[in-house]
Structures are given as C-alpha cells and as structure tokens.
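Data block below; observations after.
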Number of protein chains: 2
Amino acid sequence: MDRNIAAKFIDYQVSCKDCCMANVCLPLGLSAVELDQLMKIIDRQSPMSRGEHLFQIGEPHKSLYAVRSGSIKVYIPTEGGEEQVHRFILPGELLGFDAIEGGKHTCAAVALETTSVCAFPYHRLEKLCHTFQGLDHELHRLFGKEIANEHDLLQLLAKKSAEARLASFLLDLSNRLKKRGFSEREFNLTMSRHDISNHLGLAVETVSRLFARFQNEGLLTVRRRHIQLQNMPEIKELFVNVSPTTSKRRIAPANRKGNIGGSYRLRKVKAAQV
Amino acid sequence: MDRNIAAKFIDYQVSCKDCCMANVCLPLGLSAVELDQLMKIIDRQSPMSRGEHLFQIGEPHKSLYAVRSGSIKVYIPTEGGEEQVHRFILPGELLGFDAIEGGKHTCAAVALETTSVCAFPYHRLEKLCHTFQGLDHELHRLFGKEIANEHDLLQLLAKKSAEARLASFLLDLSNRLKKRGFSEREFNLTMSRHDISNHLGLAVETVSRLFARFQNEGLLTVRRRHIQLQNMPEIKELFVNVSPTTSKRRIAPANRKGNIGGSYRLRKVKAAQV
DNA sequence: CGGGACCTTGAGGCTCGTCAAAGCTGGTGG
DNA sequence: CCACCAGCTTTGACGAGCCTCAAGGTCCCG
C-alpha cells in the first residue's frame, strides 16, 4: 500500500492529467489550456506522516490544498487543550478555505495517516482567477459548499440523536468515498473513535456502543477501524427519522420494512414510537 | 417608541452620519469621501413589521443589510417544516453574507419586531471595493467574523451543557448590546423561548427552567422577555466551567464565592463534583 | 514480553427531553 | 368593560438517552 502511494506520487510530479483524482479534485470544466496553467502553479509537497500538521491555527494563509492520498483532520483547538474536530478530508477533497477571508487559518489540519497533498499558492490562484472566469466561479461554488457543510453539522449537533449522528457520519463518508471512486460499502476509518466522538459531540463509549448495536442489528460489520455497510437503506432511515429535540411529527407511520436482526432494547422502544 | 423610530427613519434618508449606528455599523476607518460614496449606494428600505421576511432561502443575493433598529432572526428551514435558528441580528449588525459565494441565500431572515434595515446593493458594493482598498479589507474581516461565529456555535452545541449554552447566549447578547451603546445588564429579548431553545439545541422547557434556576440563584432577574443580569461574573463562570462531553479537568477546586440563593438540586450536585 | 494507545463492555445515575396541565398576556369581539 | 381565545411561558412528574467511572481486551511497537 505504501509502495503504491509512493508510485503514484511520482506520477503526480509529472501531471495532473495522470492523477487519479483529476476528475474530482477540481471538476472545473476548465479547458486544456486552463488546466495546464493551473497545473503550473501547483506546489506538490512531500508526503506528510501521521500526526504532522499541514497548518496550525493562526498561521498565515498561503495555499488551498487538495488531498491526493491519505486523510486529514481539521479541528479547532480550544482553551483547555481540548479540541473540536471539525471535519475530515478525504482524497480528492480540498481544504484551506477557512482562512481566505481573514488571511489566517482559523483551524488546524493534521494528517491522520501518511498523506500527500497538492498546494495551490493562493496569490497565484487569485491571479489565475482574474484570467479565467470559470475558475473564479468554481472557487465560489466550493466555498459555498463549505458553508453548507457547516450548516449540516450544526443541524446534526443541535437536533439529532446519537444514533442519527453516527448514521449520518457513516453515510457521509460512504458518499464521499463513492464519489472518489472508492467502495461505498466497505472502507477503513482513518480516524480514532475519539476523533469521531468528538466530531459528533458524543462520548467515546457511546460511539463504541453504537457500532456494536448497529452490528447486532445487521446494519453493518465493524472490526476496529474496518467498516462494511450491510444495509444502507436502513441506516438512512436512522438518520432521517430520529430528531429528539423539536420532536413532534415523526414522519408518517409507514411500515419499516425488514427491520432485520431487530430486538435490541433501544430499537424496540423506538419502533413503538413510530 | 414607534414614533421615535419613525422620526429616526427620516433622518436616515438624509445621511449615515446622523445615524446613531454609524460608528458601529461599518467601522471601516473610511475617509469622509469614501463614506459619502458608500452612503450614496445605500438603499433605505421601509420598515418591516414582525414576521415579515427580509429574504427567503434560495432567493438571489442582492444586498448586504445593516439593521438600524429592531432585530432579525436568521434561520434555515429544514425538510419537515422545522427550522434551525442560526443567529439573531441586533441593531448595528450586518447580515446577508451567507449568499455572497453562492449567489443565493442559504438562510432565511425574518423580523422579530418592527425593524428597519439599510441595504447595500451588492453589485455596487463590489464596484466600490475596487476603488477603496479599505472597504474590501473590511468586508473580508466581517466575513471572517461570520465564520468564527459559526465555529463558536458548533463548539457550544457539541460540548456545552444546557446551562453553559444559555449563559453563553445571554453573555453574547449582553456584549453585543453593550458595543452598540445599549445597557449590557438590562434588555428585552425580542425572540421567543422557542427561538432561543431552537438556537441552543434545547427543549423549550429546559430554557424556561434554566431561567427560573438562574433567577433563584440570584444570577439574573427575568420576567417574560425582560432580563436583568445581576451577577455577570458568576454567569461567565457557568459558561467557562461546564463541558459535559470531553469532561476531565473541571477547573480548579476554587471555592465558588457567594453562591447566593443556593440550595438548588442540580447546583448542589455540581458543587459536590467540583 | 511489557507498556501504551486504543477500543469495548458493564454498572450506575445525571441531564435533559417528553408529556401533560395550568398560568399569563394580548388581541378580538360582543 | 369583560369574556374568550390563541399563543407563549411556566411548572411538575417521569424516564430515556447518554455520560461517567472503572475495568478488562486488543493491537502495535520497541
């Protein structure tokens, strides 16, 4: 696997066109000429190892980054040495938007495993924007997506039960991996339970127990960090149905089809409510 | 009061300089000339009445808005007809940043009371930015503040107990009102308990109970929507100390001074934990 | 093989949401 | 002016959901 990454890395030195992420990383609808230009400003950095920081909070903002391989945790350190895990960045995704406006990073980013990124120096990107309308527009679109992301997380934390949070987390990962050409049903988590629980505003133990429960219910198989989603429709229902606060209307009665494995304490109670 | 607002409104037709919010609304450090230019592009809209929308989600983005008087609720409607209350805008504050990137509003904004706003048509603002470097910079700063705001809210929802959330909410309001020249200790809430609880990710009843408890403890006086903060240092401690998830370290033992009114169930338990 | 980081599991109980009912307040109409 | 109603707010009882504490597994690495 490591060797594989190394091999790819050499490719990237040559051209974005050969990058397996090319079609998802910056799906700009740019012309060949424009892509060439963009390629030229890219600063390919040497791979980071686990625990290494891409940037720290407060650092001046120099680049947007695209993850080629590996994964990154974006978080905000808080007063007491704690942290708030903000999001996880997968291959083919971008980060660094957090500082565009203020000129300084408002988050920190750390590699969760051996990770390589492309850097787009921001001042050069800006110049390119003046030349290519398309690029400008695309960046704005991406920025908007960042904000939408934050809003979803807010929604999740304000309104959703623990099980809905975890379900949502898994589905989101699955979706994003699928878009990048990985399997949507089977993947490895690169982040610890601690990171997950922090991200979702839960206790580690709760996350652990939920994984166990989901597995008992036949929704997925989990062994340490290896996940296989077995019943995605059912997982989706978990996400949609449950909103403890602002309850009221709990979606139509609609017979939950299948309810495999069933017969788990909390689950039974919940079924009764529907 | 209404008459008062009407009187002010006429003033605004004339000049920003006479606006009591002038020094807080856009503290740009602009020259007199620049301010004049800015003034010229302002579109003063007729006052909105309670429940009227400034913009709806999905609408094209036309302006940034500054609230002159009254207050506004910014929220995101969700599938089931629910909503997620995002923030409240007070006099002298701006809104409309949510759509700059995407061109469409990602939130809705509704007046909580009779409210008047100034609109800065965005296309004209952009032109001005090209002329005045300062304005450009200032907008970026404001944008950065918006994001920081979101992050704080995330932190609050992910990590803080109900009492810390309400304390934080009140302190934040108090701070902002102070900046705008209002009393920091005594004010009226223009939003319903429902809005507050939604914003904080709590049940209405919990908010109600917390108000009652805070009052019993001598932290504040509350009667319907009228608030007087009596013991701000103590309220600040509530905000800082308590973080249920990711608990650990619960700040030093330090004898909580005074604990007026004391002897309330939850409070006693908490004291025992310290 | 020992130590440490990470993960799981169990027991117990606090917080906060849910449900139900009653109190207030402002508006409307008689 | 009062009666009445609708919407907001408060209060109480109850227990579900999740956190805390504690201990034991599992994996990795030197």
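Quick note on labels: first sequence line is chain A, next is B, and so on, each numbered from 1.
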Tabulate protein N/O versus nucleotide N/O from nucleotides 7-11 of chain C, keeping only pairs under 3.5 Å, one per line.
{"from": "dC7(C)", "atom 1": "OP1", "to": "Arg225(A)", "atom 2": "NE", "distance (Å)": "3.0"}
{"from": "dC7(C)", "atom 1": "OP1", "to": "Arg225(A)", "atom 2": "NH2", "distance (Å)": "3.2"}
{"from": "dC7(C)", "atom 1": "OP2", "to": "Arg193(A)", "atom 2": "N", "distance (Å)": "2.9"}
{"from": "dT8(C)", "atom 1": "OP1", "to": "Arg193(A)", "atom 2": "NH2", "distance (Å)": "3.2"}
{"from": "dT8(C)", "atom 1": "OP2", "to": "Arg193(A)", "atom 2": "NE", "distance (Å)": "2.8"}
{"from": "dT8(C)", "atom 1": "OP2", "to": "Ser208(A)", "atom 2": "OG", "distance (Å)": "2.8"}
{"from": "dT8(C)", "atom 1": "O5'", "to": "Ser208(A)", "atom 2": "OG", "distance (Å)": "3.1"}
{"from": "dG10(C)", "atom 1": "N7", "to": "Arg209(A)", "atom 2": "NH1", "distance (Å)": "2.7"}
{"from": "dG10(C)", "atom 1": "O6", "to": "Arg209(A)", "atom 2": "NH2", "distance (Å)": "3.4"}

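Side chains of Glu52(A) and Ser49(A): a donor on one and an acceptor on the other come within 3.5 Å. If you check the side chains of Thr221(B) and Gln230(B), you find a donor sitting under 3.5 Å from an acceptor.
Leu202(B) has its CG atom 14 Å from the P atom of dT15(C), to the nearest Å. Here the P atom of nucleotide dG26(C) and the CZ atom of Arg50(B) are 12 Å apart, to the nearest Å. Look at CD on Glu113(A): it is 17 Å from C1' on dC28(D), rounded to the nearest Å. The distance between atom CG of Leu189(A) and atom C1' of dC6(C), rounded to the nearest whole Å, is 13 Å. Summarising the geometry, the separation between CG on Asp195(B) and C1' on dC8(D) is reported as 11 Å, rounded to the nearest angstrom. Remark: P of dC6(C) and CG of Asn198(A) are 13 Å apart, rounded to the nearest angstrom. Rounded to whole angstrom, the span from the CG atom of Leu157(B) across to the C1' atom of dC16(C) amounts to 15 Å. Rounded to whole angstrom, the span from the CG atom of Leu238(B) across to the P atom of dT15(C) amounts to 13 Å.
Between Val222(B) and His226(B) there is no side-chain heavy-atom pair separated by less than 4.5 Å.
Arg193(B) places a side-chain N or O within 3.5 Å of a backbone atom of Arg224(B) that can act as its donor or acceptor partner. In terms of modelled atom types and a separation under 3.5 Å, the side chain of Lys159(B) and the main chain of Glu83(A) share a donor-acceptor contact.
The ring pair (Phe, Tyr, Trp, His ring centres under 6.0 Å) search around His105(A) returns Phe55(A), His61(A), not counting sequence neighbours.
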